[in-house]
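Written below as structure tokens is the structure these notes are about.
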Amino acid sequence: MQHATVTLDPAFTVAPVRRRTFGSFVEHLGRCVYTGIFEPGHPAADADGLRQDVLALVRELGVSMVRYPGGNFVSGYRWEDGVGPLDRRPRRPDLAWHTIETNRFGTDEFLRWCGRAGVEPMMAVNLGTRGVAEAVDLLEYTNHPGGTHFSDLRAANGNPKPYDVRLWCLGNELDGPWQVGFKTAREYGRLAAQTARAMRMLDPNLTFVAVGSSGSGMPEFGAWEAEVLAETYEEVDLISAHAYYEEVDGDLGSFLASNLDMEHVIRAVTATADHVGARLKSTKRIGISFDEWNVWYLSRFQNQPPPTTWETAPRQLEDVYHVADAVVVGSLLISLLRHSDRVEAAAQAQLVNVIGPIFTEPGGRAWRQTIFHPFAQASALARGTVLRVAVDSPVYQTPKYGDAPLVDAVATRDDDTGEVALFVVNRSIDHPVRLTIGTRAFDRDLTIGAATVLADDDVYATNTADAPDRVAPRPHPGVTPGSLDVVLPPVSWNVVPLS
Ligand code: AHR
């Protein structure tokens, strides 16, 4: 059997575990909002139409923050359409997804939902087809205490208390030609800087995310960030990164190694931001908001004929996830945690139905997709400080990334209790790997607690409404009692608590 070691040392730390790492994303797209989080008349919906069964799953998932309302959708959105009396809200074509937006759900409904879910809102403003004025108006609506047009409108709409939204995305993917109102880096950077400056005049205590490249494959990746940050450096706090992964042409090995690309993105964006900072003689450090990441079978979506009808909340991007997808999601979480010194926020895209960890049927049940589990476990158990883990693993050959380590891992240590949580993937398609955990540097012996594993003889097994727990973490059969050895099954996500 192949053998890997991970060595932990409480002195080798990365950064505090950031709650904002466990963000998610709700876009007006497909059935994420309508018949996802919001379905008036559903047996589990409350008086506001918010599905309580979904809310319970969102809380269990451990989501800390939710980005809204897009995504591509935001670049054509008029936020004023979605507030006020329902009978006065216009129906509009959404150009991004070729659907009809009823505006039945808008800013107030979303922010109320955030309160119920116990999550922080991350609001995106439209810098595709709109600009500084509309962004400041929205901020006035959400944050201003009262006595002005939009704050009074909020009160008149039944919400006298400001929502106090702190985290703002300055547009979405404006480097992408698919984006309504896409721009050059210079055009976007100037608009983003002006918008942030004006919004801070109204509320000085805001955190801003500038739009980074839509993916590492974009022709301008790196150059876009450099130019945007040259315009915005002193106005913004974070730059966004987006990445989606899928298995292509049956190449499971490369797919399982997807976090090597995420590592590359984080390193490249960090280096680019630091380079701009150096050129500007600035001591400020820009962080990364990895505010769209996930497994997404994008090529299936791209191979479909474009829609010809205008429907309301059609089924779009409803990927059904399997075991290998969950292992990839686990490895992406490992990378996000490992880079907690620079990744200050992240959002899995998306939350419900649309490439989401939660799935619902209209009028019916809600259940956990396979990818729900690594997220929920990492969010629940990653506490305190991220440790710099030394991983010594055999490698395997991938067509896409060359050599990839079979085993990847990250650990966190709760500063109060001393409990360590080790998150590990084995990417081998057909072989278990024996893992030895080195803990010599700790001042007392550590023992393995209730370890779990998510794996299956069928790596393409999924969860369904009738078999919602077909794929879930189970008690780990590979722990040798009294040792720090764990046998990791092939294609597995493992959580090993040490106390
Ligand atoms: O998450 C789906 C879409 O992916 C988002 O709307 C867009 O920002 C990205 O291209």
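This structure is a prediction, so every number in the text was calculated from the model and none was measured. Each ligand, and each atom within it, is numbered from 1 in the order the structure gives.
Only the side chain of Trp97 comes within contact range of ligand 1, with a heavy atom under 4.0 Å; no backbone atom does. At a heavy-atom distance under 4.0 Å, no atom of Phe73 approaches ligand 1. Proximity of Val354 to ligand 1, defined as any heavy-atom pair under 4.0 Å, is not found for any part of the residue.
Aromatic ring centres of Phe359 and Trp367: separated by under 6.0 Å. A centroid separation of 6.0 Å or more is found between the aromatic rings of Trp113 and Tyr68.
Each of the following atoms of ligand 1 lies closer than 4.0 Å to a heavy atom of Glu27: 5 (C), 6 (O). Heavy-atom contacts of Glu173 reach the following atoms of ligand 1: 7 (C), 8 (O), 9 (C), 10 (O) (cutoff under 4.0 Å). Within the listing of ligand 1, atoms 1 (O), 2 (C), 4 (O) sit less than 4.0 angstrom from a heavy atom of Tyr244.
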All N/O donor-acceptor pairs, side-chain side in residues 305-314, below 3.5 Å, sequence neighbours left out:
from: Thr309; atom 1: OG1; to: Glu311; atom 2: OE2; distance (Å): 3.2

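Between Phe221 and His264, the angle of the ring planes lies from 30° to 60°, which puts this pair in the tilted group. The aromatic rings of Phe105 and Phe110 stand perpendicular to each other, their planes meeting at an angle above 60°, with 30° marking the opposite boundary.
Atom 2 (C) of ligand 1 has Gln350 NE2, 3.5 Å as its closest protein atom, hydrogens excluded (heavy atom only). Protein heavy atom in closest approach to atom 7 (C) of ligand 1: Asn72 OD1, 3.1 Å. Among all non-hydrogen protein atoms, the one lying nearest atom 4 (O) of ligand 1 is Glu292 OE1, 3.1 Å.
The shortest N/O to N/O separation between Trp296 and ligand 1 does not fall below 3.5 Å. Looking at ligand 1, you won't find any N or O of His242 less than 3.5 Å from one of its N or O atoms.
We find that Asp291 and Arg20 are not joined by a salt bridge, their nearest charged nitrogen and carboxylate oxygen being 4.0 Å or further apart.
Residue-environment remark: CG (Asp249) stays at or below the threshold of 12 foreign heavy atoms within 6.0 Å.
Residue pairs meeting the salt bridge (charged side-chain N to carboxylate O under 4.0 Å, His left out) criterion with at least one partner in residues 234-247, sequence neighbours excluded, are Arg197-Glu235, Arg200-Asp237.
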